[in-house]
Engineer: 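One structure, pasted below without further comment.
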There are 4 protein chains.
Amino acid sequence: MEFRDNEAIYLQIAGFVSENIMLGKWPIGQKIPSVRELAVELQVNPNTVVRTYEFLQNREVIANKRGIGFFATDNALEKIKSYRKERFLKQELPEFFRNIYLLNISLDEIANRFEDFKNENFK
Amino acid sequence: MEFRDNEAIYLQIAGFVSENIMLGKWPIGQKIPSVRELAVELQVNPNTVVRTYEFLQNREVIANKRGIGFFATDNALEKIKSYRKERFLKQELPEFFRNIYLLNISLDEIANRFEDFKNENFK
Amino acid sequence: MEFRDNEAIYLQIAGFVSENIMLGKWPIGQKIPSVRELAVELQVNPNTVVRTYEFLQNREVIANKRGIGFFATDNALEKIKSYRKERFLKQELPEFFRNIYLLNISLDEIANRFEDFKNENFK
Amino acid sequence: MEFRDNEAIYLQIAGFVSENIMLGKWPIGQKIPSVRELAVELQVNPNTVVRTYEFLQNREVIANKRGIGFFATDNALEKIKSYRKERFLKQELPEFFRNIYLLNISLDEIANRFEDFKNENFK
DNA sequence: GTGGTCTAGACCACC
DNA sequence: GTGGTCTAGACCACA
């Protein structure tokens with residue numbers, strides 16, 4: 001996995017974990033990779049994964065069973081969506097609107113690009 | 001002015017300055033507020049505004065006339081638009097698409113919200 | 001049985017065992033549940049119960065008869081009480097006092113809650 | 001400052017910070033010691049203080065002004081009290097009741113000890 | 001095996 | 001000066 005420069009790695013990993021849960025790759029109720037496993041896989045320091053898991057535990061997306069590992073919580077999907085939606089509505093959408101207004105981009109053009117995007121990424 | 005937590009203040013001020021130029025509030029060829037004036041108005045440390053002006057000067061959006069102050073350059077509008085467009089297409093739009101896809105938000109809903117946004121901000 | 005997050009499970013089980021002995025549910029001289037039985041009942045790993053029993057054995061609250069099982073010792077009650085009292089006086093009581101002082105809770109209110117507690121738990 | 005063994009240092013520091021705010025030693029709205037200052041004073045690694053401040057920031061007891069430092073929030077007192085009260089009612093009080101019941105300690109005795117405690121600690 | 005904590009030290013952006 | 005992040009490495013309790 002490659003990390004962008006403009007966001008903390010532990011947050012990018014949090015996004016990675018969240019999407020894996022959201023897309024069903026890491027099913028609800030099942031154990032997710034251990035700190036060490038994920039650290040090896042993503043080639044980061046275990047402490048960085050610890051931070052990610054702490055962060056997601058605070059948000060009740062994952063929960064710890066002592067001595068066993070972390071699990072996706074029953075309402076992980078709701079939690080992930082609600083956090084994501086809040087950030088989207090409060091931060092990204094206003095910025096998006098400001099940009100298409102100031103740059104004079106039509107929503108039709110956006111719609112066309114969206115079709116391309118879906119074909120490339122989620123077909 | 002309130003600042004978001006996830007972006008450096010000097011960059012948020014750069015956006016603020018750019019929009020004022022773009023919207024004609026600070027016309028091309030006229031002096032823009034001095035570092036001190038803007039610092040007082042936005043309630044930030046003058047050094048932070050200095051950094052903003054340096055940043056915009058590097059991008060040739062504003063220029064300094066010694067002893068007088070800063071002015072929007074003749075091609076400020078193009079500069080601002082080109083930088084903004086690049087960031088929009090490369091960074092914000094993919095993220096925007098990923099979000100409306102995962103959050104299952106329709107472009108129709110976006111369009112409705114856009115009307116509200118324009119009425120509130122740019123009428 | 002539900003376990004709190006801030007104390008090791010094996011210690012919480014030790015408290016559970018101690019209280020059963022103290023309250024006469026597991027009489028002195030009679031066999032207490034085997035490691036496996038208790039592990040099944042409490043839904044924990046047998047090793048965890050092993051640890052509990054080791055812990056209580058060290059404190060001479062229970063004793064092992066080879067091939068038969070564990071029994072509450074003759075002076076189990078005294079042992080339990082003395083350990084409990086020591087921890088209570090040295091650790092819990094000062095913390096309790098600091099809390100009711102800082103939170104401005106009266107001893108009258110505590111007394112009222114105590115009546116409710118007794119009715120719910122030990123009637 | 002000396003640290004107990006049975007609780008994470010960063011949490012003990014969080015308690016220390018909270019009490020300083022609660023008792024008015026670090027007034028609301030004013031800057032609290034920087035990470036480095038507090039680390040030196042308490043003789044711990046700066047990272048440990050970072051953890052404390054992160055923890056308290058999550059609970060909205062303190063807030064960060066970028067490049068300046070941390071401040072006690074306007075509702076720090078409420079936050080501290082509500083967290084403390086919740087833990088007290090859910091964890092410590094039931095344990096306290098169980099102990100005085102099982103150890104056969106009267107509330108009158110508790111009241112007497114409380115007077116002594118207040119004289120020693122908060123006069 | 002699991003996670004939790006702490007130290008040490010480094011680099012960075014930001015104000 | 002401020003905090004934020006990351007790495008490295010260690011030790012520990014726990015299941």
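A, B, ... follow the sequence lines: proteins, then strands. Residue 1 opens every chain.
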Engineer: Scan residues 45-65 of chain A against DNA chain F and write down, sorted by residue number, each residue with any heavy atom closer than 4.0 Å; if none is found, say none.
Structural biologist: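 Per residue number, the list reads N45(A), N47(A), T48(A), R51(A).
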Engineer: Show me the donor-acceptor pairs within less than 3.5 Å that the side chains of residues 4-13 of chain D make with the rest of the protein, sequence neighbours left out.
Structural biologist:
residue	atom	partner	partner atom	Å
R4(D)	NH2	E7(D)	OE1	2.5
Q12(D)	OE1	R4(D)	N	2.8
Q12(D)	NE2	R4(D)	O	2.8
Q12(D)	NE2	E7(D)	O	2.6

Engineer: If you write DNA chain F from 5' to 3' in dot-bracket form, with Watson-Crick or G-U pairs under 3.5 Å, [ ] for crossing pairs and | for pairs with another strand, what do you get?
Structural biologist: ||||||||||||||.
Engineer: Could you tell me whether R98(D) and E92(C) make a salt bridge, using a distance below 4.0 angstrom between a side-chain N and a carboxylate O?
Structural biologist: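 Salt bridge flag = no for E92(C) with R98(D).
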Engineer: Going by heavy atoms in the side chains, are N58(B) and F55(B) under 4.5 Å from each other?
Structural biologist: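 A side-chain contact is absent here, since even the closest heavy-atom pair is not under 4.5 Å.
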Engineer: Which residues pass the side chain to side chain donor-acceptor pair (under 3.5 Å) test with N75(C), sequence neighbours left out?
Structural biologist: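 Only T73(C) meet the side chain to side chain donor-acceptor pair (under 3.5 Å) criterion with N75(C).
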Engineer: When you compare the side chain of V61(C) with that of V17(C), does any pair of heavy atoms fall below 4.5 Å?
Structural biologist: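 Not in contact.
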Engineer: Take R36(A) and I68(A), find for each the nucleotide of DNA chain F with the closest heavy atom, and name the residue whose nucleotide sits nearer the 5' end.
Structural biologist: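 Residue closer to the 5' terminus by nearest nucleotide: R36(A).
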Engineer: In plain terms, say whether R87(C) and E95(D) are close enough for a salt bridge, that is, a side-chain N and a carboxylate O under 4.0 Å apart.
Structural biologist: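 E95(D) and R87(C): salt-bridged.
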Engineer: Counting only heavy atoms not in D74(D) (residues, nucleotides, ligands), do more than 12 fall under 6.0 Å from its CG?
Structural biologist: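 Count not over threshold, so no.
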Engineer: Quick check: do M22(C) and K81(C) have side-chain heavy atoms less than 4.5 Å from each other?
Structural biologist: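 M22(C) reaches K81(C) side chain to side chain.
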Engineer: Could you check E7(B) against E7(D) and say which one's nearest nucleotide on DNA chain E is further toward the 5' end?
Structural biologist: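 The residue whose closest nucleotide sits nearer the 5' end is E7(D).
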Engineer: Distance-only criterion, 3.5 Å: show the donor-acceptor pairs between side-chain atoms of residues 30-44 of chain A and protein atoms not counting sequence neighbours.
Structural biologist:
residue	atom	partner	partner atom	Å
S34(A)	OG	E37(A)	N	3.1
E37(A)	OE1	S34(A)	N	3.1

Engineer: Does the side chain of K79(A) come within less than 4.5 Å of R59(A)'s, by heavy atoms?
Structural biologist: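 No; the side chains remain at least 4.5 Å from each other.
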Engineer: Please tell me if Y10(B) has a side-chain N or O lying less than 4.0 Å from either OP1 or OP2 of dC14(E).
Structural biologist: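 Looking at the OP1 and OP2 atoms of dC14(E), one of them is under 4.0 Å from a side-chain N or O of Y10(B).
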Engineer: Which is the 5'-most and which the 3'-most nucleotide of DNA chain F that has an atom under 4.0 Å from a heavy atom of chain D?
Structural biologist: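 Footprint of chain D along DNA chain F, 5' to 3': dG1(F) to dC6(F).
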